[in-house]
Amino acid sequence: MKRNKKIVFVLLFLTAVIIIIPVIALKGAEFGGSDDAGSVMVEEIAGNYEPWFTPVFEKMLGREVPGELESLLFCIQTGIGVGVIAFCMGRMVERKKWLDEGQKEG
């Protein structure tokens, strides 16, 4: 069991390094995504378009969030959501098994 924990920690560390190195090494780089392309198209079609709101994270930082960091935060949010859903589904399956076993015995 200790060997598995070491492997997990090493993999988590390597994952963090893979995420952090590009952010540090490519400070001035711009990585555009589909959101940027959509914004450009909206501006071309309706030049006087004003966004409805400013993202909370941008207000806190006082500038635009780098695309890599934005993608990372989105992936973390997705992972947490998937974890919660999988946990709940697992609990429901186990509850059904316990109820079925209780009915067989009683």
Quick one: OG on S71 to CD1 on I19, what's the gap to the nearest 0.5 Å? 11.0 Å
Is there a path of hydrophobic side-chain contacts, each under 4.5 Å between heavy atoms of I/L/V/M/F/W/Y residues, joining I21 to L69? no
List in chain and number order the residues that pass side chain to side chain contact (heavy atoms under 4.5 Å, CB included) with M92, two or more places apart in sequence or in another chain; answer none if no residue qualifies. M89
For I76, side chain to side chain contact (heavy atoms under 4.5 Å, CB included) partners two or more places apart: L72, I80
Approximate separation, where rounding is to 0.5 Å, of I20 CD1 and F13 CZ: 8.5 Å
Remaining members of the apolar cluster that contains F87, side-chain heavy atoms under 4.5 Å: none
Counterpart residues, side chain to side chain contact (heavy atoms under 4.5 Å, CB included), relative to R63 (two or more places apart): L61, P66
With sequence neighbours left out, the residues meeting side chain to side chain contact (heavy atoms under 4.5 Å, CB included) with K97 are V93, E94
For W98, what are the other residues in its hydrophobic cluster, where any two members join if their side-chain heavy atoms are less than 4.5 angstrom apart? none
Measure the shortest side-chain to side-chain distance between M41 and E44 over non-hydrogen atoms and say whether it is less than 4.5 angstrom. yes
